[in-house]
Each structure stands twice: as C-alpha cells, then as structure tokens.
Amino acid sequence: DAKTTQPTSMDCAEGRAANLPCNHSTISGNEYVYWYRQIHSQGPQYIIHGLKNNETNEMASLIITEDRKSSTLILPHATLRDTAVYYCIVRVAEGSSNTGKLIFGQGTTLQVKP
Amino acid sequence: DSGVTQTPKHLITATGQRVTLRCSPRSGDLSVYWYQQSLDQGLQFLIQYYNGEERAKGNILERFSAQQFPDLHSELNLSSLELGDSALYFCASSLRSWDNEQFFGPGTRLTVL
C-alpha cells in the first residue's frame, strides 16, 4: 500500500469548512484513498473513499487531484463533535485475493474551535 | 453504534497474567479484525479472521493468539502480559475478507500493572 503524509494537526472554526490534506504521491492505479476518523479513544469510524472521481456523502466530500498524488477531505460545516484524529489510508482495490488489513499512520488531529 | 460489541470495556491485570478479550461482529459480517492502539505505536493491525479461518497476520506477538468461532464471534488471548501490553484493543468487522470499509467496536482498555 502506498505511503501517505498528513499534517500533524489543524484547527478549524466551528461552522467553517475543514479541509484536511493528504499526500500519496506513490499511489498506484488500482489503489483507493480511504478516510477514517477517531474521536477521543473511540473506535475508528469510516468516512468516505474514492478512486479518482470526487466523492460526496452525508459526512464529507473527497477531492482527489487529477494525477491522484494528493487528496483533500472536506467537512463542509465543522462542528465541535468533528474534533478527532483523521486518517488517510491508501489501499489496493478490493478483491477476493486481498485482505482488509488497514495500515493507519499518525493522522491529522483536527481541533474545531468555537 | 457500529453494531460491533466488545467485552470487557476495561481490564486491569498484573504482569505475567493471561486475559481474553471478546468481540461480536455486526450481524451478517464474516470477517473480524483485531487492532492494538498504544500511545507510542499508534493503531496497529494484529490479525484477521474470515469465516473461522485466519486470513491475515500483522505484528502480533507470539504471546497473543486469536480465534473465530462458528457463531463468528472472536476472542483475542493475551498471555504472559507485560507492562507494554497496556493499550486499547479494537475489534472491527466487515462482510467480506477484503473490505476496506470496516466497522469498529468501542474497544477494550487493558491496563497491566
């Protein structure tokens, strides 16, 4: 799986958009970008994933650059409850020969401030 | 609520002891994963089971073992415990063996004194 690089920490004002970057310059063509978050020692929570097109769900949007070497997770209207560690993970495409072993890096600690 | 349950929530024990952590996956999920989160190592994958069979192994110590039972619940056994084994242990589950969207339980906090 390709290595990812994320800033250690970021702040965001409540109600504003939080933009969390992730660099994955060695990503392969069959690798997806996944985002998880972990709120204060709770179990990690899946947020969103994508291959090359931008994706949006009820939690967030994922913007992947055209060369796929970086991506940005966007929380459109951050709330205090979004304060968490956000992990960007690059994983090979799903298939019966692969396992679901997730490799977590250090992630980005997002602090949403009132 | 992810649908994954873990017991116990907290466990305090002494060095040299053995403990068993239990995980019940989401209804219908066949794959169970165990992860360890310590302050210095972050979140680390330990082992995966799929439909009763071991599927993948991470940096799991020889003192640790796991199994998945016919009813799909899983147990992680930690023996000869050391101070450094103090950590949060998470179980996750997914439907298939290769799913990258996994559902995590609330964790078991193990403290070894």
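The chains referred to below are lettered A, B, ... by the order of the sequence lines, with proteins before strands, and numbering in each begins at 1. What you see below is based on every heavy atom in this structure, not just the backbone, and it leaves out hydrogens, waters and symmetry mates. Just so we're clear, the structure is a prediction, and the values are computed from it rather than from any experiment.
Note: A:L102 CG to B:E101 CD = 10.5 Å, rounded to the nearest 0.5 Å. For the atom pair CD (A:Q42) and OG (B:S2), the distance works out to 10.0 Å, reported to the nearest 0.5 Å.
Most heavy-atom pairs under 4.5 Å with chain A: of the set B:L88, B:I47, B:L43, B:V4, this distinction falls to B:L43. Residue with the most contacts toward chain B among A:G43, A:G105, A:P44: A:P44 (heavy-atom pairs, distance under 4.5 Å). Among the candidates B:R109, B:K57, B:Q48, the residue making the largest number of heavy-atom pairs closer than 4.5 Å to chain A is B:Q48.
Heavy atoms of B:Y35 lying under 4.5 Å from chain A belong exclusively to its side chain. Contacts between B:Q102 and chain A at a heavy-atom distance below 4.5 Å involve backbone atoms as well as side-chain atoms.
There is a path of hydrophobic side-chain contacts, each under 4.5 Å, that joins A:Y86 to A:I27.
Atom CG of B:L39 has 12 or fewer neighbouring heavy atoms from other residues, nucleotides or ligands inside a 6.0 Å radius. Crowding of B:N77 atom CG: a count of heavy atoms from other residues, nucleotides or ligands under 6.0 Å exceeding 12. Within 6.0 Å of CZ on B:R26 lie more than 12 heavy atoms contributed by other residues, nucleotides or ligands. In B:E54, the CD atom is crowded: over 12 heavy atoms of neighbouring residues, nucleotides or ligands sit closer than 6.0 Å.
Two residues are said to be in side-chain contact when any heavy atoms from C-beta on lie closer than 4.5 Å; B:F104 and A:Y36 meet this criterion. In this structure, the side chains of B:Q37 and A:Q38 come closer than 4.5 Å at one or more pairs of heavy atoms.
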